[in-house]
2 protein chains.
Amino acid sequence: MLSKETLTKLFPDWEDGLYDAILNEAELKEAKAGTTLLKMGQNIKSAMLVVEGTIKLYQEDETGGEYFMYHLNPGEACAVTLVCNYHHEQSQVLAKAVTDIQYLSIPIAFMEKWLNEFKSWHYFVIKTYRSRYEELLKTIHEIAFKNMDERLEFYILKYVKQFGSIVNLTHQDIANDLNTSREVISRLLKKMEHNGWIVMNRNSFDWIKK
Amino acid sequence: MLSKETLTKLFPDWEDGLYDAILNEAELKEAKAGTTLLKMGQNIKSAMLVVEGTIKLYQEDETGGEYFMYHLNPGEACAVTLVCNYHHEQSQVLAKAVTDIQYLSIPIAFMEKWLNEFKSWHYFVIKTYRSRYEELLKTIHEIAFKNMDERLEFYILKYVKQFGSIVNLTHQDIANDLNTSREVISRLLKKMEHNGWIVMNRNSFDWIKK
DNA sequence: ATTTTAGTGTGATAAATATCACCCAATATA
DNA sequence: TATATTGGGTGATATTTATCACACTAAAAT
């Protein structure tokens with residue numbers, strides 16, 4: 001089980017009572033890398049706070065397409081699950097574990113209660129929304145104004161920032177995340193290789209630009 | 001000046017003290033249709049609550065491109081200006097008045113204060129962020145998965161919902177909002193005309209689909 | 001009434017991306 | 001070791017969107 005100490009490190013801005021509330025009411029869950037944690041259209045029954053590992057958030061198309069938006073890391077929460085009313089809100093996003101993860105699952109019944117009881121929870125919710133709103137703005141900026149080569153670079157840089165400069169993704173993985181085809185990614189990566197930005201291997205490549 | 005009664009109608013969920021605080025601290029401002037209210041990169045000095053008229057929110061490119069995201073209507077607030085810290089936050093969006101507008105301008109010094117004092121303000125901020133987050137998701141969905149013809153239809157439908165079925169926009173206006181060129185819009189509108197979805201006039205067209 | 005300007009129509013062409021077809025090589029599996 | 005599977009390379013072609021060029025017309029300005 002989770003210690004108050006760990007919680008304090010993950011969520012340093014909370015007040016004391018909130019840690020206790022979490023320890024009492026939240027369930028610590030685990031999921032293997034690759035698990036889908038939230039599908040589009042799915043009813044939201046609990047909030048999700050990341051304790052360990054990384055989650056990727058996607059916009060999902062009816063026809064199966066996906067577009068990667070941002071990472072969720074330990075100490076962060078999935079904004080869409082922080083609902084403040086019971087009225088069966090449906091998820092607008094797709095969430096996948098990219099590593100093995102641990103997360104706190106909090107029944108949405110507590111959302112409103114805690115908003116009333118804990119100022120620091122209130123701030124946490126606002127902070128979460130604000131930062132995710134900003135991530136979405138960045139995403140829109142990329143798709144609306146940039147060509148695929150620049151979007152690919154932006155995508156790789158996000159990966160590198162998260163996991164380091166050895167990118168363990170297949171071309172197909174990347175194509176899925178950017179809602180394009182494998183051939184397009186292969187050709188663009190080949191260009192990056194020619195430019196000396198990456199060193200390519202099977203199943204991975206190394207980002208060496210600058 | 002603004003009456004408490006008007007405020008109550010615009011913001012029905014607030015508590016009594018908050019109306020007074022607004023009446024004391026907020027400044028009622030006006031702007032003509034077409035005014036730019038917030039530029040990208042601009043320092044945020046005050047929050048903006050719409051009292052009268054409609055504001056359009058854009059993502060802005062360094063090179064002058066724009067992409068329309070959503071409308072702000074009376075009773076709604078600009079999420080990006082609802083900052084909860086003083087540290088010279090910069091606007092990530094472009095906001096333009098599309099009609100003559102009236103809005104409340106609140107120095108950001110009060111943001112944090114009111115978060116502590118008024119629960120209803122806290123809820124208002126969260127509600128604002130949540131609904132704008134959802135608007136951004138819709139925008140991403142459009143750009144990431146749809147071709148220009150579908151995006152144009154989505155765009156027109158947003159307009160129609162706001163202002164009625166007579167669309168008083170030039171092809172160039174629309175092209176700017178969708179970050180494309182006038183020719184592209186002209187051709188797509190011509191197709192819609194052939195399909196019997198619109199009746200075209202100079203400077204406007206009429207949406208008659210279904 | 002004439003000129004200017006803004007809004008629109010449209011062909012030609014270019015660029016970006018998507019799709020199809022098929023190949024080869026590395027790795028996993030039988 | 002043989003075979004199947006997965007990851008990747010690449011030409012050909014189609015589609016979508018962008019760009020250029022220019023013509024036409026309604027409305028506005030002179």
Side-chain angles (χ1 to χ4, degrees), chain A residues 33-34 61-68 140-156 159 166-195 197-207, chain B residues 33-34 61-68 139-156 159 166-207:
Chain A
D61 190 24
E62 304 78 31
T63 65
E66 295 171 4
Y67 199 94
F68 170 60
I140 291 175
H141 194 266
E142 288 301 302
I143 325 181
F145 303 124
K146 304 286 181 69
N147 285 344
M148 197 53 85
D149 54 347
E150 295 180 276
R151 282 155 64 188
L152 176 57
E153 186 179 354
F154 184 74
Y155 174 88
I156 296 172
Y159 183 100
I166 296 169
V167 180
N168 287 302
L169 296 170
T170 67
H171 301 182
Q172 188 64 63
D173 291 336
I174 300 174
N176 292 341
D177 280 7
L178 294 176
N179 192 46
T180 180
S181 62
R182 200 259 317 156
E183 296 94 315
V184 171
I185 299 300
S186 288
R187 286 177 174 127
L188 291 175
L189 284 177
K190 190 109 303 236
K191 257 190 211 168
M192 289 187 175
E193 193 181 37
H194 284 144
N195 294 342
W197 298 5
I198 62 172
V199 175
M200 286 182 63
N201 312 298
R202 191 189 176 84
N203 287 311
S204 79
F205 58 88
D206 203 342
W207 181 256
Chain B
D61 190 24
E62 304 78 30
T63 64
E66 296 172 3
Y67 199 94
F68 169 60
T139 304
I140 291 175
H141 195 266
E142 288 301 303
I143 325 181
F145 303 125
K146 305 287 181 69
N147 285 344
M148 198 52 85
D149 52 349
E150 297 179 274
R151 282 156 63 190
L152 176 57
E153 186 179 354
F154 184 74
Y155 175 89
I156 295 172
Y159 184 99
I166 296 169
V167 180
N168 286 301
L169 296 170
T170 68
H171 301 182
Q172 188 65 62
D173 291 336
I174 300 174
N176 292 340
D177 280 8
L178 294 177
N179 193 45
T180 181
S181 62
R182 200 261 315 156
E183 297 93 315
V184 171
I185 298 301
S186 289
R187 287 179 173 124
L188 291 175
L189 285 177
K190 189 108 302 231
K191 258 191 209 164
M192 289 186 175
E193 193 182 37
H194 284 145
N195 294 342
W197 298 6
I198 62 173
V199 174
M200 287 183 62
N201 313 298
R202 192 188 177 84
N203 287 311
S204 79
F205 57 88
D206 202 343
W207 180 257

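Computed from a prediction, not measured in an experiment: that's the story for all the values here. Numbers restart at 1 for each chain; the letters A, B, ... are given by sequence-line order, proteins then strands.
Picking from D/dG9, D/dA18, C/dC20 the nucleotide with the shortest atom distance to the side chain of A/Glu183 gives C/dC20. Among D/dA18, C/dG7, C/dA18, the nucleotide with an atom closest to any side-chain atom of B/Thr170 is C/dG7.
Shown here for B/Thr180 and B/Met148, the closest heavy-atom pair between the two residues is CB-CE, 3.6 Å. The minimum heavy-atom distance between B/Tyr155 and B/Leu178, with the atom names listed, is CD1-CD2, 3.9 Å. Taking both residues in full, the closest heavy atoms of A/Ile156 and A/Leu189 are given as CD1-CD2, 4.1 Å, listed atom of the first, atom of the second, then distance.
To the nearest angstrom, P of C/dA16 lies 17 Å from CD of A/Glu142. C/dA15 atom P lies 14 Å from atom CG of A/Asp149, rounded to whole Å. Protein atom CE of A/Met192 is 15 Å distant from nucleotide atom P of D/dG8, rounded to whole Å. C/dT17 atom P lies 19 Å from atom NZ of A/Lys190, rounded to whole Å. Atoms CG (B/Asn203) and P (D/dT25) sit 17 Å apart, rounded to a whole Å. Rounded to whole Å, atom C1' of D/dT25 lies 14 Å from atom CG of B/Asn201. Rounded to whole Å, the distance from CD1 on A/Ile185 to C1' on C/dA16 is 13 Å. In this structure, A/Met148 atom CE and D/dA18 atom C1' are separated by 16 Å, rounded to whole Å.
At the phosphate of D/dT17, OP1 or OP2 sits under 4.0 Å from a side-chain N or O atom of B/Asn147. OP1 or OP2 of C/dT8 sits under 4.0 Å from a side-chain N or O of B/His171. An OP1 or OP2 oxygen of D/dA18 is reached within less than 4.0 angstrom by a side-chain nitrogen or oxygen of B/Thr180.
One axis for each end of the helix from C/dA1-D/dT30 to C/dA30-D/dT1, each built from five base pairs, and the angle between them comes to 30° at 10° resolution.
Between A/Leu188 and A/Arg202, the residue whose closest nucleotide on DNA chain C is further toward the 5' end is A/Leu188. Along DNA chain C, the nucleotide nearest to A/Arg182 and the one nearest to A/Asn179 differ in position, and the one closer to the 5' end is contacted by A/Asn179.
Residue A/Ser181 is classed as a base contact, given a heavy-atom separation below 4.0 Å to a base.
The 12-atom threshold is not exceeded at NZ of A/Lys191, counting heavy atoms of other residues, nucleotides or ligands nearer than 6.0 Å.
One distance of note links CD1 of A/Ile140 with CD1 of B/Ile140; it measures 4.5 Å at 0.5 Å rounding. Considering CD1 of B/Ile198 and NZ of B/Lys190, their distance stands at 8.5 Å, rounded to 0.5 Å.
Applying the 3.5 Å distance criterion, the base of D/dG8 shares no donor-acceptor pair with the side chain of A/Arg187.
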Start with the C-alpha distance between B/Asp177 and B/Tyr67, add both sets of side-chain angles, then the distance that settles side-chain hydrogen bond (donor to acceptor under 3.5 Å, both in side chains), and finish with yes or no.
CA-CA 5 Å; B/Asp177 280 8; B/Tyr67 199 94; over 6 Å; no
